[in-house]
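Let me begin by presenting the structure, written as structure tokens, before commenting on it.
Here is how names work: the chains are called A, B, and so on, in the same order as the sequence lines, proteins then strands, and each is numbered from 1. This structure is a prediction, so every number in the text was calculated from the model and none was measured.
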Amino acid sequence: MPLYGARSTRMATPPRNAISPTRAEDYPEWYQQVVKAADLAEASAVRGCMVIKPWGYALWERIQGQLDRMFKDTGHSNAYFPLFIPLRYLQREADHVEGFAKECAVVTHHRLEADEEGQLVPAAELDEPYVVRPTSETIIGETYAKWVQSYRDLPVLINQWANVVRWELRPRLFLRTVEFLWQEGHTAHETAEEAQQETRQMLDVYTTFAEEHMAMPVVAGEKTAAERFPGAVDTYTVEAMMQDRKALQAGTSHFMGQNFARACDISFSGRDGAISHAWTTSWGVSTRLVGGVIMSHGDDDGAVLPPRLAPHQVTILPIYKSDEQRAEVLAYCQSLVASLAEQSYAGEPVRADIDDRDLRGGEKNWQAIKRGVPIRVEVGPRDIAADAVSVGRRDRAPRDRDSLPRAAFVAAMADTLAGMQAGLLERARQLRAENTTAVRSLDELRELFNDGEGGFALAPMAPDADLRPETAAALGELKVSARCMPLSPEALGVDLPTDLPCVFGSTEDARPTLLARAY
RNA sequence: CGGGAUGUAGCCCAGCGGCUAGGGCACCUGCUUUGGGAGCAGGAGAUCGGAGGUUCGAGUCCUCUCAUCCCGACCA
């Protein structure tokens with residue numbers, strides 16, 4: 001029998017994997033193919049801007065919903081501030097201007113008029129241009145200045161869900177687009193300590209969210225001087241390792257000191273009668289998290305969604321031939337949805353969806369796989385007769401299916417989902433552990449990133465060493481940046497002796513610092 | 001914003017200056033199939049990214065332009 005006969009005689013034989021190329025072959029291209037195959041988003045007619053498709057948006061809504069509750073639980077309220085920021089507002093904080101000036105969209109006119117050829121041209125120039133918000137510190141600061149008179153008006157604890165625009169020159173779906181969706185929390189406090197506590201509290205919220213909801217382990221830490229938010233005193237971040245071992249900044253939290261309060265004049269009469277500037281913070285995560293989910297868990301068959309984030313956790317594929325069978329099968333599926341909804345996973349009813357589209361079964365099955373639905377269930381007349389269901393799991397091979405008694409399947413659902421959620425987190429943790437290395441010198445760093453596997457390097461570094469040109473050059477050569485100074489470096493599980501000097505030769509005290517290539 | 005590559009049907013691609021621009025997948029119709037990314041037959045779908053130009057003749061050559069991808073620079 002010819003060895004290759006079976007394959008060559010059936011040209012329609014599907015590829016082994018749903019996604020081509022595989023992660024190992026070409027990771028960036030794999031990512032783009034997954035975004036497409038999982039029906040999450042697509043490039044739009046507007047350069048650099050994406051259309052988020054229903055499945056991708058549903059995923060974002062899950063992220064929003066969970067985070068929003070965590071914000072409310074920590075005492076915050078939602079509000080909404082303008083998209084347009086007067087140019088002079090942005091100008092108030094010098095570092096802030098410098099940080100964002102290069103990527104601002106500017107609105108200069110407020111009317112269109114037809115010229116002689118009937119072409120619409122901008123008319124009615126504005127006296128003062130508006131900037132489309134790249135972030136809202138200044139407009140919100142101006143507003144808080146009016147709201148805050150007394151220490152009794154503090155703290156102000158507000159979050160907004162909004163879109164922002166940063167004119168990026170090299171966009172990538174979800175990871176870096178010209179317009180994106182995010183939340184930005186902005187708070188004002190009476191004391192520095194309280195504001196610092198808020199900054200750290202929200203960093204903890206992001207850490208908890210990333211690990212418990214996204215199953216994405218993160219390293220929480222403080223940014224080095226060169227990586228700090230423009231205008232911030234301290235910037236904290238959560239950094240995650242993607243499957244190509246590069247770092248993704250998944251959220252940031254900033255302690256602004258009194259910089260913005262001074263720039264926007266947020267001042268109040270204190271308990272002692274003296275007038276002081278407030279202490280402010282801001283913190284945010286964006287639709288970039290969707291990219292993080294894909295790159296943390298996706299495999300060569302598409303997206304793999306953690307059960308807590310999956311818009312629905314179970315896809316039910318009804319199988320029938322005749323109309324009579326259809327009625328019977330659908331009724332059974334609907335009762336199955338209801339039974340699952342009576343089960344509670346992570347404090348919510350289990351979400352199941354019946355895919356009764358007029359498509360071939362195999363097609364629907366593969367779509368569910370590519371979209372990353374945790375559980376697939378096939379229900380046909382045979383299953384109904386046996387009161388059983390045929391179950392596939394996204395964390396197992398596509399054709400690996402079990403037949404389970406319906407009652408047992410339903411009763412075990414919460415445990416099954418919890419197991420999958422825990423499994424994803426554990427696997428991601430393991431990847432990070434296997435690819436994190438202690439680095440004691442610049443030579444070791446070069447070896448790791450030039451010849452070795454890369455990943456996360458934990459190295460002693462002075463907090464402002466990367467402001468020095470020679471350090472920036474050394475890092476640039478390796479395409480590496482300082483991601484953060486971890487708050488708990490020991491949790492990374494590598495052995496880095498204390499008291500080592502900065503690998504970049506700074507004479508100042510070094511701190512264990514995470515170095516990596518990054519998105 | 002610099003360097004490179006690519007734009008031909010919804011998707012992936014073939015097409016040496018010369019007949020009416022092809023194929024695969026997807027789509028529509030019919031039949032056959034049905035626990036699986038189905039088979040056969042038929043059908044529809046393209047101003048070849050856009051604008052100029054060279055030529056008897058341009059998908060093919062030239063110029064400009066737009067978009068996408070890769071590499072840089074930049075990126076809280």
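In this structure, B:A58 makes no Watson-Crick or G-U wobble pair, since no nucleotide meets both defining distances under 3.5 angstrom. B:A46 is unpaired under the Watson-Crick or G-U wobble criterion, no partner having all donor-acceptor distances under 3.5 Å. Base-pair partner of B:C11: B:G24 (Watson-Crick or G-U wobble, both distances under 3.5 Å). Remark: B:G2 base-pairs with B:C71; criterion is Watson-Crick or G-U wobble with both hydrogen-bond distances under 3.5 Å. Base pairing of B:G17 is not made with any nucleotide, judged by Watson-Crick or G-U wobble geometry with both donor-acceptor distances under 3.5 Å. Pairing of B:A41, defined by two Watson-Crick or G-U wobble distances under 3.5 Å, is identified with B:U29.
In this structure, A:S390 reaches the bases: a heavy-atom distance under 4.0 Å links it to at least one base atom across the strands shown. Counting non-hydrogen atoms under 4.0 angstrom, A:R228 reaches the backbone sugars and phosphates but no base. Nucleic acid contact class of A:F180 (heavy atoms, under 4.0 Å, all strands): base. In this structure, A:P318 reaches neither bases nor backbone, as no heavy-atom distance under 4.0 Å exists between it and the strands shown. The residue A:G99 sits apart from the nucleic acid: no heavy atom pair falls under 4.0 Å.
Comparing B:A46 with B:A26, their C1' atoms sit 16 Å apart, to the nearest whole Å. Look at the P atom in both B:U47 and B:G42: the space between them is 26 Å, to the nearest Å. On the C1' atoms, B:G4 is 25 Å away from B:C11, given to the nearest whole Å. For the P atom pair drawn from B:U8 and B:C61, the interatomic distance equals 15 Å after rounding to whole Å. Separating the C1' atom of B:G23 from that of B:C48 is a span of 16 Å, rounded to the nearest Å. Between B:A44 and B:C56, the distance separating the two P atoms is 37 Å to the nearest Å. Nucleotides B:G18 and B:G57 have their P atoms positioned 14 Å apart, rounded to a whole Å. B:U68 and B:G30: their C1' atoms are spaced 40 Å apart (whole Å).
Nucleotide B:G37 holds its P atom 10 Å from the CZ atom of A:R401, rounded to whole Å. In this entry the distance linking CG of A:L248 with P of B:C75 reads 17 Å, nearest Å. Between the CG atom of A:L404 and the C1' atom of B:G35 there is a distance of 15 Å, given to the nearest Å. We find that CD of A:E42 is positioned 12 Å from C1' of B:C11, with the value rounded to whole Å. Across the protein-nucleic acid pair, A:E363 atom CD and B:G37 atom C1' stand 6 Å apart, rounded to whole Å. A:D39 places its CG atom 18 Å from the P atom of B:G10, with the value rounded to the nearest Å. Put simply, NZ on A:K364 is 17 Å from P on B:U34, counting in whole angstrom units. A:K321 places its NZ atom 14 Å from the C1' atom of B:U32, with the value rounded to the nearest Å.
Listed nucleotides: B:C11, B:G37, B:G35. Nearest to the side chain of A:K36: B:C11.
Under the 3.5 Å distance criterion, with hydrogens and angles disregarded, a donor-acceptor pair is assigned to the side chains of A:T224 and A:D466. Remark: the A:R406 side chain and the A:S339 side chain contain an N/O donor-acceptor pair separated by less than 3.5 Å. Side-chain polar atoms of A:S253 and A:T199 form no donor-acceptor pair below 3.5 angstrom.
Shown are A:Y236, A:F71, A:F209; of these, the ring pair (Phe, Tyr, Trp, His ring centres under 6.0 Å) with A:W283 is made only by A:F71.
A distance of 6.0 Å or more separates the ring centres of A:Y89 and A:Y130.
Between A:P381 and A:T235, the one whose closest nucleotide on RNA chain B sits nearer the 5' end is A:P381. Sequence order on RNA chain B of the closest nucleotides to A:I384 and A:F100 puts A:I384 first from the 5' end.
Using a 4.5 Å heavy-atom cutoff, the side chains of A:V35 and A:Q32 are not in contact.
Between A:R394 and A:D299 there is a salt bridge, with a side-chain nitrogen of the basic residue lying less than 4.0 Å from a carboxylate oxygen of the acidic one. Electrostatic pairing of A:R326 and A:D356 counts as a salt bridge here, judged by a charged N lying under 4.0 Å from a carboxylate O. Electrostatic pairing of A:E239 and A:K223 counts as a salt bridge here, judged by a charged N lying under 4.0 Å from a carboxylate O.
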For this session: Could you please spell out the steps behind the salt bridge (Lys or Arg N to Asp or Glu O under 4.0 Å) verdict for A:D300 and A:R23?
Result: CA-CA 6 Å; A:D300 296 336; A:R23 289 164 292 178; 2.9 Å; yes
Polar pairs (N or O, both sides) under 3.5 Å between protein and nucleotides 64-74 of chain B?
| unit_1 | atom_1 | unit_2 | atom_2 | d |
| --- | --- | --- | --- | --- |
| B:U68 | OP2 | A:R47 | NH1 | 2.6 |
| B:C71 | OP2 | A:R170 | NH2 | 2.0 |
| B:G72 | OP1 | A:K479 | NZ | 2.5 |

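For A:R360 against B:G37, a side-chain-to-base donor-acceptor contact under 3.5 Å is absent.
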